[in-house]
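Start at 1 with the first residue, then count along the sequence. Hydrogens, waters and symmetry mates play no part in the numbers below; they use all other heavy atoms, side chains included.
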Amino acid sequence: MTHRPEPVLAGRVRPLRDRDHERVLREALAVRRAGDIPLIGDERWSEDQWRGVVEHATGAIVPDEAEWAALTSGSTGRPRIILRTQQSWDMSYPFLDEWGELTPADTMLIAAHPVSSMASYAASHAAHTGFPFNTPVKHRMGPGDIASATILHGTPWHLRDLLDLLDAGHPSPMRVAFVGGDRLPQQLRHRAAHRGIRVLGYFGAAELSMVAIDDGDGLRAFPGVDLQTRDGVLWARTDQRAVAVLGTGGAYRVRGAWATVGDRAVIADGRLSLRGRSDDAIQTAGATVLPNDIEEVLASVHGVHAATVIGVPDERAGQLVAAALETDGGDTTQVLERVKSIARAQLTPAHIPRRWKTTTRLPRTGSGKIRRPTPEEFEALR
């Protein structure tokens, strides 16, 4: 079933859903050109879920300057609506164009699901610079999707899919990849370089847009963005900031010209090291453990595509550190033994996972970003 635009809502917000991802992104651009505000939902949501989002948008007061809307989850599970201006995105595109030497002759493959602000940002980028775009025909990209695309915009998972297709012998003129959403493993960057693909990794947020970039020598502030840490939490001063956030929950806070989404970080010699969200900390036997520190080590092991770490309840310790590893589904015994050996060698005792799971695919958000499972989801992983 195809979802078509709903009636116009208060504040010019136009909700859109469609199983055809390319079509819904083009509809969003058309809504923008008409002077309204596109809000893309997930066609996989139930009608009740979608109705709740639409009612939330209907009852909200939308600032006159808002031109784009995006959805992001709050702590209550109800999506929040992020509102921003067109200019807040447009100001970043010249840098991307110059870095990637992009021209109207290029074609972008937007691999992220349209419900993600990453996809809207990428479609807007195509419209701004004047190159065409397309999206994967199916959930996972296939040979036909990469046959004519020269630019990829997606997550590390999408970059891995691209490289796997190239390794399998499927041709593509791909030469540039913009990769956000998750940490970018060095092994993926090296594989891309071997294929002649330049990779610009970036860290951003729906509320802040582009925050930091990594073209191979570590994360540094995006041009025009100022960064600082306060009590170990990253704050940014940027003109790319959203004009309003509708709904409660989440870690987004504003203090004057500065804003944060709650990421822990360290800045040294102009380079940014992320340590995960402040509310992801695990309390185990009196120690405070940040999952990101562990995930970085585990994901670096050969045979591990991605890793996520959570705390699972324990009567004695309060929580136990638990790790889930995404592998190719082959012989996981050797991979797990290798990971455990490296964990013992590189991690402190408090950081070493006590529970382990392997799976061929970790839980992900609609955009393809790895989502930390709940303890119940962790137990059910196979």
### Message
Using every non-hydrogen atom in the two residues, find where Glu326 and Leu362 come nearest and quote the distance to one decimal.
### Response
OE1-N, 2.7 Å
Check: [Y] main-chain N/O paired with [X] side-chain donor or acceptor under 3.5 Å:
X: Thr284; Y: Gln319; answer: yes
X: Thr359; Y: Arg382; answer: yes
X: Thr150; Y: Thr107; answer: yes
X: Arg17; Y: Trp45; answer: yes
X: Thr129; Y: Phe131; answer: no
X: Arg12; Y: Gly35; answer: yes
X: Ser341; Y: Arg338; answer: no
X: Arg198; Y: Arg175; answer: no
X: Asn134; Y: Glu22; answer: no
X: Arg241; Y: Ala259; answer: no

Just wondering, do [Y] and [X] contact through their side chains at under 4.5 Å, heavy atoms?
X: Leu159; Y: Arg191; result: no
X: Ile352; Y: Val321; result: no
X: Ser209; Y: Thr238; result: no
X: Leu166; Y: Ile146; result: yes

### Task
Take His305 and Gln187, measure what side-chain hydrogen bond (donor to acceptor under 3.5 Å, both in side chains) needs, and give me the verdict at the end.
CA-CA 10 Å; His305 290 171; Gln187 59 182 342; over 6 Å; no
Which of parallel (below 30°), tilted (30 to 60°) and perpendicular (above 60°) describes [X] and [Y]?
X: Trp99; Y: Phe178; value: tilted
X: His153; Y: Tyr202; value: perpendicular
X: Tyr93; Y: His125; value: parallel

Does the pair [X]/[Y] count as a salt bridge with the N-to-O cut at 4.0 Å?
X: Arg220; Y: Asp215; answer: yes
X: Asp269; Y: Arg271; answer: no
X: Glu377; Y: Lys357; answer: no
X: Arg51; Y: Glu55; answer: no
X: Arg160; Y: Asp167; answer: no

### Query
Does the cation-pi check pass for Arg26 over Phe133, that is, NZ or CZ under 6.0 Å from the six-membered ring centre and within 45° of its axis?
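Ring-cation test returns yes.
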#### Entry: Working for side chain to side chain contact (heavy atoms under 4.5 Å, CB included), residues Leu163 and Arg195
CA-CA 8 Å; Leu163 295 172; Arg195 288 286 179 180; 4.2 Å; yes
### Message
Please evaluate residues Glu379 and Arg355 with respect to the criterion side chain to side chain contact (heavy atoms under 4.5 Å, CB included), reporting the C-alpha separation (whole Å), side-chain torsions for both, the decisive distance (0.1 Å), and the verdict.
### Response
CA-CA 10 Å; Glu379 296 298 340; Arg355 299 283 309 282; 2.9 Å; yes
### Exceeds 12 heavy-atom contacts within 6.0 angstrom, atom CG of Asp217
yes
### Query
After noting the C-alpha distance and the side-chain angles of Ile82 and Ser117, does the key distance pass the side chain to side chain contact (heavy atoms under 4.5 Å, CB included) rule?
CA-CA 9 Å; Ile82 313 299; Ser117 61; over 6 Å; no
